[in-house]
S.K.: 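Could you have a look at this structure, given as structure tokens, before my questions?
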Amino acid sequence: QVQLVESGGGLVQAGGSLRLSCAASGNIFSINAMGWYRQAPGKQRELVASIIFVDGSTTYGDSVKGRFTISGNNAKNTVYLQMDSLKPEDTALYYCKMTYRGTDVRILNYYWGQGTQVTVSS
């Protein structure tokens with residue numbers, strides 16, 4: 001069993017900032033990558049940002065480049081998303097996703113968090 005605990009969502013005015021955290025625990029041998037996705041009502045889930053733990057390389061969705069920053073702490077199995085210059089269109093349910101190897105290291109697994117709501121008012 002693995003668990004992802006997300007925190008940091010909330011209500012903020014446009015132009016403000018929020019910092020999301022996602023901490024992984026459980027039967028994890030190694031984490032390959034962690035990332036954040038979001039889904040607004042009536043829209044498809046989309047990539048916000050992801051980070052590969054082994055080399056720190058990052059990927060960002062086009063709509064958040066230059067405003068959001070993802071970082072990871074390997075020792076704590078935690079990923080952070082610093083969100084600055086927030087816009088009303090950033091309003092969505094933000095999900096943490098982890099790609100990892102568990103007890104059977106031959107298998108690459110995926111696990112999603114429950115989501116944390118981010119609401120940006122205009």
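Just so you know, these numbers come straight off a predicted model, no measurement behind them. Reckoned from all heavy atoms, side chains included, excluding hydrogens, waters and symmetry mates.
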S.K.: Side chains of Cys96 and Val79, heavy atoms from C-beta outward: is any pair under 4.5 Å?
M.R.: yes
S.K.: Keeping the roles fixed (side chain from Gln82, backbone from Phe68), state whether a donor-acceptor pair exists under 3.5 Å.
M.R.: no
S.K.: Looking only at heavy atoms, which two atoms of Glu46 and Ser63 are closest? And how far apart?
M.R.: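 Between these two residues, the closest heavy atoms are OE2-OG, 4.4 Å.
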S.K.: Is there a side chain to side chain contact (heavy atoms under 4.5 Å, CB included) between Trp36 and Cys22 once you walk through the steps?
M.R.: CA-CA 9 Å; Trp36 290 95; Cys22 176; 3.5 Å; yes
S.K.: Would you confirm whether Thr91, through its side chain, and Val120, through its main-chain N or O, come within 3.5 Å as a donor-acceptor pair?
M.R.: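 Yes, Thr91 side chain to Val120 backbone: donor-acceptor pair under 3.5 Å.
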S.K.: Rounded to the nearest 0.5 Å, how far does CE of Met34 lie from NZ of Lys97?
M.R.: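 The CE atom of Met34 is 12.0 Å from NZ of Lys97, to the nearest 0.5 Å.
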S.K.: Of the non-hydrogen atoms in Gly113 and Glu6, which two are nearest, and what is the gap between them?
M.R.: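 Heavy atoms only, the tightest pair is CA-OE2, 3.5 Å.
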S.K.: When the aromatic ring centroids of Tyr37 and Trp112 are compared, is their separation below 6.0 Å?
M.R.: yes
S.K.: Do Leu108 and Thr99 have side chains that approach each other closer than 4.5 Å (heavy atoms only, starting at C-beta)?
M.R.: yes
S.K.: Residues sharing Val105's hydrophobic cluster, by side-chain heavy-atom contacts under 4.5 Å among ILVMFWY, directly or via others?
M.R.: Phe29
S.K.: Taking Met98 as the starting point, is it possible to reach Ile52 by hopping between hydrophobic residues whose side chains are less than 4.5 Å apart?
M.R.: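 No, Ile52 and Met98 fall in different hydrophobic clusters.
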S.K.: So which atom in Gly9 and which in Val118 form the shortest heavy-atom distance, rounded to 0.1 Å?
M.R.: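 Closest approach of Gly9 to Val118: CA-CG2, 4.2 Å.
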S.K.: Can you confirm whether Asn32 sits close enough to Tyr100 that some side-chain heavy atom of one is under 4.5 Å from a side-chain heavy atom of the other?
M.R.: no
S.K.: Distance from Leu4 atom CG to Gln114 atom CD, nearest 0.5 Å?
M.R.: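 Answer rounded to 0.5 Å: 9.0 Å.
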S.K.: Using 0.5 Å steps for rounding, measure from the CG atom of Leu86 to the OG1 atom of Thr119.
M.R.: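 Taking CG in Leu86 and OG1 in Thr119, the distance rounds to 10.5 Å.
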S.K.: Judged by modelled atom types alone, do Thr103 and Asn27 share a side-chain donor-acceptor pair under 3.5 Å?
M.R.: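 There is no such pair between these side chains.
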S.K.: Identify the heavy atoms of Tyr60 and Ile70 that sit nearest to each other, and give their distance.
M.R.: OH-N, 2.9 Å
S.K.: Please find the pair of heavy atoms, one from Ala14 and one from Pro88, that lie closest to each other, and give the distance.
M.R.: CB-CD, 4.1 Å
S.K.: Taking the side chain as C-beta and beyond, is there a heavy-atom pair between Arg19 and Tyr80 under 4.5 Å?
M.R.: yes
S.K.: Locate the shortest heavy-atom distance separating Phe53 from Thr78; write the atom from each residue and the value.
M.R.: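 Heavy atoms only, the tightest pair is CZ-O, 3.8 Å.
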S.K.: Starting from Leu20, can I reach Leu93 by hopping between I/L/V/M/F/W/Y residues whose side chains sit under 4.5 Å apart?
M.R.: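 Different clusters.
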S.K.: Yes or no on side chain to side chain contact (heavy atoms under 4.5 Å, CB included) for Gln3 and Tyr111, after CA distance, side-chain angles and deciding distance?
M.R.: CA-CA 8 Å; Gln3 187 177 19; Tyr111 194 80; 5.6 Å; no
S.K.: For a side chain to side chain contact (heavy atoms under 4.5 Å, CB included) check, start with the C-alpha distance between Ile51 and Ser57, then their side-chain angles and the critical distance, and finish with the verdict.
M.R.: CA-CA 6 Å; Ile51 183 168; Ser57 58; over 6 Å; no
S.K.: In terms of side-chain geometry, is the basic nitrogen of Asp90 or Lys87 positioned less than 4.0 Å from the acidic oxygen of its partner?
M.R.: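 Salt bridge between Asp90 and Lys87, a charged N being under 4.0 Å from a carboxylate O: no.
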S.K.: Please say yes or no: joined through hydrophobic side-chain contacts below 4.5 Å, possibly via intermediate residues, are Leu47 and Val64 part of one cluster?
M.R.: no
S.K.: For atom CD of Gln39, is the number of surrounding heavy atoms from other residues, nucleotides or ligands below 6.0 Å larger than 12?
M.R.: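 Atom CD in Gln39 is packed in, count exceeds 12.
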S.K.: Could you tell me the separation between the CG atom of Asp84 and the OG1 atom of Thr69, rounded to the nearest 0.5 Å?
M.R.: 6.5 Å
S.K.: Would Arg38 and Tyr95 count as a cation-pi pair here, with the cationic atom under 6.0 angstrom from the ring centre and within 45° of the axis?
M.R.: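 Because its charged atom misses either the 6.0 Å distance or the 45° angle limit, Arg38 does not stack over Tyr95.
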